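Working notes for the structure below.
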Amino acid sequence: MRTMINMNEIQQAVAILRSGGLVAFPTETVYGLGADANNAEAVAKVFAAKGRPHDHPLIVHIASVAHLSDWAAEVPETALKLAKAFWPGPLTMVFRKKAQVLSCVTGGQETVAIRVPAHEMASALLQAFGGGLVAPSANQFTHVSPTSAAAVNEELAGKVDLVLEGGECRVGVESTIVDMTSDVPVVLRPGMITVDQIQQVLGQPVLRLQPKSDIRVPGQHIVHYAPRTKTVVMASHVLHQMQGNVAFMVLSDFVSTNKVVKMSSSPDEYARELYRVLRELDKLGFEKIVVEAVPSGIAWDAIRDRLKKASGEA
Ligand code: TXA
Ligand code: MG
């Protein structure tokens with residue numbers, strides 16, 4: 001489905017951003033809470049609206065790879081290869097930052113995370129704006145990320161100057177983040193662009209962040225992306241042991257008199273539905289959301305990661 005881009009609305013959004021306001025906009029992963037990455041006051045409003053701790057760095061979104069040198073001090077050849085393969089798209093890369101990049105954006109670190117989103121409304125906005133936009137997921141800190149404009153309104157009503165309507169997000173979980181500052185790239189956050197795909201483009205192995213690293217990626221130390229309803233991930237053969245006021249999110253043909261949501265066995269479709277389903281179940285007042293464990297293959301890495309975070313295990 002193609003979204004109709006209303007250029008008047010884009011111009012209105014640009015005017016808000018230029019005057020230091022907040023605009024939530026769709027990306028192909030999740031909706032972002034956008035602000036001018038060169039305006040410290042605007043960036044401060046993002047942290048305030050989300051209730052996000054200040055040492056959690058933000059991703060700078062740019063219109064195309066041509067803008068990369070405005071933010072990154074060094075761009076290795078490997079990064080250009082990944083950019084060529086995956087941008088615009090659900091990949092974020094971390095670089096050494098240029099001196100002028102605001103430290104409120106990078107959480108005081110010497111590195112900056114950059115992404116070129118693929119959603120056509122995000123592209124239109126970034127092109128019209130011209131500069132970089134910080135855009136964390138447009139949810140309250142620790143809540144489930146929004147994959148529709150309606151979900152953004154639930155999270156941030158009254159705290160954002162404009163919410164651009166761009167339909168349901170096509171990917172559904174946040175971008176893959178790869179640290180490009182060392183010789184061997186490190187995947188800091190799994191996403192729907194997999195480790196396999198990255199290794200294939202680079203023709204070299206990459207590392208995956210081990211838990212307990214001191215690199216600051218939310219979710220490593222705190223409950224993140226979590227519904228308010230207690231959420232547990234369980235193996236298929238013990239699902240039937242769960243009883244009472246619980247809802248099930250399953251892959252198998254599990255039968256129960258309780259509420260059961262059957263998810264797709266395609267990881268791409270599962271990812272697209274994941275946050276919407278968690279958000280809907282969260283509203284229904286269950287005591288628990290019981291999620292059937294997903295397969296162990298690399299294609300499911302991002303989903304397994306978000307389910308772990310939803311259940312407070314990561
Ligand atoms: O798909 C996405 O990436 C979405 C859409 C809106 O673009 N954005 C998103 O932003 O997920 P946020 O703020 O919810 O997550 C940003 C992640 C955090 O985990 C943060 O720690 C990490 O990026 N990050 C940002 N700058 C970093 C840096 N310099 N080094 C390491 N991690 C960084
Ligand atoms: Mg987030």
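Fair warning: this is a prediction, and the values are worked out from it, not measured in the lab. Whatever order the structure lists ligands and atoms in, that order sets their numbers, starting from 1.
- Inclusion of S137 in the first shell of the Mg ion (ligand 2) is supported: an N, O or S atom falls under 2.8 Å.
- Atom numbering of ligand 1 starts at 1 in the shown order; those under 4.0 Å from a heavy atom of R52 are 12 (P), 13 (O), 14 (O).
- With a heavy-atom cut-off of 4.0 Å, S175 touches ligand 1 through backbone and side chain alike.
- Taking any N or O of T27, backbone or side chain, none lies under 3.5 Å from an N or O belonging to ligand 1.
- Within the 4.0 Å heavy-atom criterion, neither part of H56 lies near ligand 1.
- Counting only distance, with no hydrogens or angles, the side chain of S175 and the backbone of L91 share no donor-acceptor pair below 3.5 Å.
- In T106, neither the side chain nor the backbone holds a heavy atom less than 4.0 Å from any atom of ligand 1.
- Annotation: side chain to side chain contact (heavy atoms under 4.5 Å, CB included) contacts of I298 (sequence neighbours excluded): T194, D196, R208, D301.
- Numbered from 1 in the order shown, with element, the atoms of ligand 1 that lie under 4.0 Å from a heavy atom of R189 read 2 (C), 3 (O), 9 (C), 11 (O), 15 (O), 16 (C), 17 (C).
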Item to check | Pair E174-Y275, side-chain hydrogen bond (donor to acceptor under 3.5 Å, both in side chains): steps then yes or no | outcome: CA-CA 11 Å; E174 302 84 349; Y275 289 153; 2.9 Å; yes

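- Counting heavy atoms under 4.0 Å from ligand 1, residue V94 touches it through the side chain alone.
- Checked against a 6.0 Å centroid threshold, the rings of F248 and F254 count as neighbours.
- Every atom of ligand 1 is numbered from 1 in the order shown, and the set under 4.0 Å from a heavy atom of I177 is 17 (C), 22 (C), 23 (O).
- Contact of the V291 side chain with the V232 side chain is not registered, since no non-hydrogen atoms from C-beta on lie closer than 4.5 Å.
- Contacts between M93 and ligand 1, counted as non-hydrogen atom pairs separated by less than 4.0 Å, are absent for every part of the residue.
- Counting only N and O atoms by type, the side chains of T29 and R170 include no donor and acceptor under 3.5 Å apart.
- The residue K97 has no part lying near ligand 1, judged by heavy-atom distances below 4.0 Å.
- Note that CG of L22 and CG of L133 are 11.0 Å apart. Values are rounded to the nearest 0.5 Å.
- Under 3.5 Å, the side chains of T27 and R115 contain a donor-acceptor pair of N or O atoms.
- When only interatomic distances are considered, the shortest N/O to N/O separation between H61 and ligand 1 falls below 3.5 Å.
- Contacts of S236 classified as side chain to side chain contact (heavy atoms under 4.5 Å, CB included), with partners at least two apart in sequence or in another chain: E292.
- Taking a cut-off of under 4.0 Å to the non-hydrogen atoms of A135, the atoms of ligand 1 that pass are 6 (C), 8 (N), 10 (O).
- When non-hydrogen atoms are compared, ligand 1 lies under 4.0 Å from the side chain of L188 (C-beta onward) but not from its backbone.
- In terms of polar-atom proximity, K50 is not counted as a contact of ligand 1, lacking any N or O under 3.5 Å from an N or O of the ligand.
- Considering S137, P57, G32, P136 only, the shortest heavy-atom separation from atom 26 (N) of ligand 1 involves P57.
- Residue P117 places no heavy atom under 4.0 Å from ligand 1.
- Closest to atom 28 (C) of ligand 1 by heavy atom, among V105, T176, I59, T111, is T111.
- Residue K262 places its NZ atom among more than 12 non-hydrogen atoms of other residues, nucleotides or ligands, all under 6.0 Å distant.
- For the residue pair D268 and S266, no side-chain donor N or O sits within less than 3.5 Å of a side-chain acceptor on the partner.
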